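These numbers were taken from a predicted model, which means no experiment stands behind them.
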Amino acid sequence: MFEGHDRVKRSTFYRLLGGGIEFGEYGHQAVVRELREELGAELVDLRSVGTLENIFTFEGEMGHEIAQVYEARFADPTLYERDEMVAYEDDGTSLRVRWMPLAGLRAGQTPLYPEGLLALLDR
């Protein structure tokens, strides 16, 4: 997950890595491409977990997203040994990525977006 900040709300949150689906691309292809672009990592054993629709406000602007959530494994098992990694957005912005225990997120210490993600993962 990566840690994000909303300067308007003065709040911190977590999100899974991923991104947009390009025209002519299936969701499972998009998640493989996005993780390859952001982390330089290959995914294997993809499985659809579900879909979430989220209407939100970020940095004072309304947003609407439909998120397809996938479970997968990294092809390189050494990635699981790292406490932190750096991911890069298309514009070169870096994101600090780390493993987060779901128990802490369930306790409500810091929100996980999109809303409903924890419930979807618990199914």
Side-chain angles (χ1 to χ4, degrees):
M1 295 181 194
F2 72 92
E3 185 176 284
H5 304 280
D6 187 318
R7 294 175 301 214
V8 173
K9 294 178 188 174
R10 298 177 190 245
S11 64
T12 298
F13 60 88
Y14 290 100
R15 285 187 65 94
L16 299 177
L17 291 174
I21 299 173
E22 295 177 358
F23 184 78
E25 184 177 53
Y26 290 103
H28 68 277
Q29 294 168 322
V31 73
V32 168
R33 176 185 50 76
E34 287 286 348
L35 272 284
R36 184 181 299 131
E37 291 172 359
E38 292 176 353
L39 278 180
E42 296 298 325
L43 297 178
V44 295
D45 299 332
L46 264 72
R47 182 183 72 81
S48 176
V49 175
T51 302
L52 295 169
E53 186 169 15
N54 188 29
I55 298 173
F56 60 94
T57 303
F58 176 68
E59 299 285 316
E61 299 287 326
M62 290 291 296
H64 188 180
E65 67 182 346
I66 298 173
Q68 293 185 344
V69 180
Y70 288 87
E71 178 182 284
R73 287 187 309 106
F74 286 122
D76 177 358
T78 64
L79 293 176
Y80 296 104
E81 298 168 9
R82 298 182 188 180
D83 291 332
E84 290 190 4
M85 295 175 263
V86 177
Y88 295 95
E89 297 279 36
D90 290 341
D91 65 2
T93 303
S94 64
L95 302 170
R96 191 176 101 202
V97 178
R98 58 188 175 149
W99 301 107
M100 295 293 299
L102 291 178
L105 294 166
R106 284 187 187 99
Q109 295 168 349
T110 305
L112 174 63
Y113 295 129
E115 287 185 21
L117 181 56
L118 281 174
L120 183 66
L121 295 175
D122 285 339
R123 283 199 253 159

Apply the test side chain to side chain contact (heavy atoms under 4.5 Å, CB included) to residues E42 and R36: give CA-CA distance (whole Å), side-chain angles for both, the deciding distance (0.1 Å), then the verdict.
CA-CA 6 Å; E42 296 298 325; R36 184 181 299 131; 2.7 Å; yes
Donor-acceptor contact present, side-chain K9 to main-chain T57, <3.5 Å:
yes
I'd like to know if the side chain of E59 reaches the main chain of R7, judged simply by a donor and an acceptor atom lying under 3.5 Å from each other, with no hydrogens or angles considered.
yes
For [X] and [Y], work out which heavy atoms get closest and say how close.
{"X": "L105", "Y": "T110", "result": "CD2-O, 3.4 Å"}
{"X": "T12", "Y": "H5", "result": "OG1-ND1, 3.1 Å"}
{"X": "V8", "Y": "G60", "result": "CG2-N, 3.8 Å"}
{"X": "A30", "Y": "E25", "result": "CB-OE1, 3.4 Å"}
{"X": "A75", "Y": "P77", "result": "O-CD, 3.2 Å"}

Taking side chain to side chain donor-acceptor pair (under 3.5 Å) as the cut-off, I'd like each qualifying pair that reaches into residues 114-123, sequence neighbours left out, listed once.
R106-D122
Can you sort out the partners of [X] under side chain to side chain contact (heavy atoms under 4.5 Å, CB included), two or more places apart, ordered by chain and number?
{"X": "E65", "result": "R15, N54, F56, P114"}
{"X": "E34", "result": "E37, E38"}
{"X": "F74", "result": "L35, L39, A41, L43, L79, Y80, W99"}

Please lay out, stage by stage, how Q68 and I21 fare under the test side chain to side chain contact (heavy atoms under 4.5 Å, CB included).
CA-CA 10 Å; Q68 293 185 344; I21 299 173; 3.8 Å; yes
Would [X] end up clustered with [Y] when hydrophobic side chains under 4.5 Å apart are linked, directly or stepwise?
{"X": "L118", "Y": "L16", "answer": "yes"}
{"X": "Y14", "Y": "F2", "answer": "no"}
{"X": "L17", "Y": "M85", "answer": "yes"}

Is there a side chain to side chain contact (heavy atoms under 4.5 Å, CB included) between L95 and V86? Walk through the geometry before answering.
CA-CA 6 Å; L95 302 170; V86 177; over 6 Å; no
Check: [Y] and [X] side chains under 4.5 Å, non-hydrogen atoms:
{"X": "M62", "Y": "I55", "value": "yes"}
{"X": "E53", "Y": "H64", "value": "yes"}
{"X": "R96", "Y": "R98", "value": "yes"}

Those residues that, when tested against Y26, pass ring-ring contact (aromatic ring centres under 6.0 Å, His included) (two or more places apart):
H28
Identify, with sequence neighbours excluded, every residue that meets ring-ring contact (aromatic ring centres under 6.0 Å, His included) alongside F13.
F58, Y113
Around D91, counting heavy atoms of other residues, nucleotides and ligands shown, do more than 12 lie under 6.0 Å from its CG?
yes
Measuring from L120:CG to T51:OG1, what's the distance to the nearest 0.5 Å?
8.0 Å
What distance separates R47 CZ from E71 CD, expressed to the nearest 0.5 Å?
4.5 Å
Is there a side chain to side chain contact (heavy atoms under 4.5 Å, CB included) between L52 and L117? Walk through the geometry before answering.
CA-CA 7 Å; L52 295 169; L117 181 56; 4.0 Å; yes
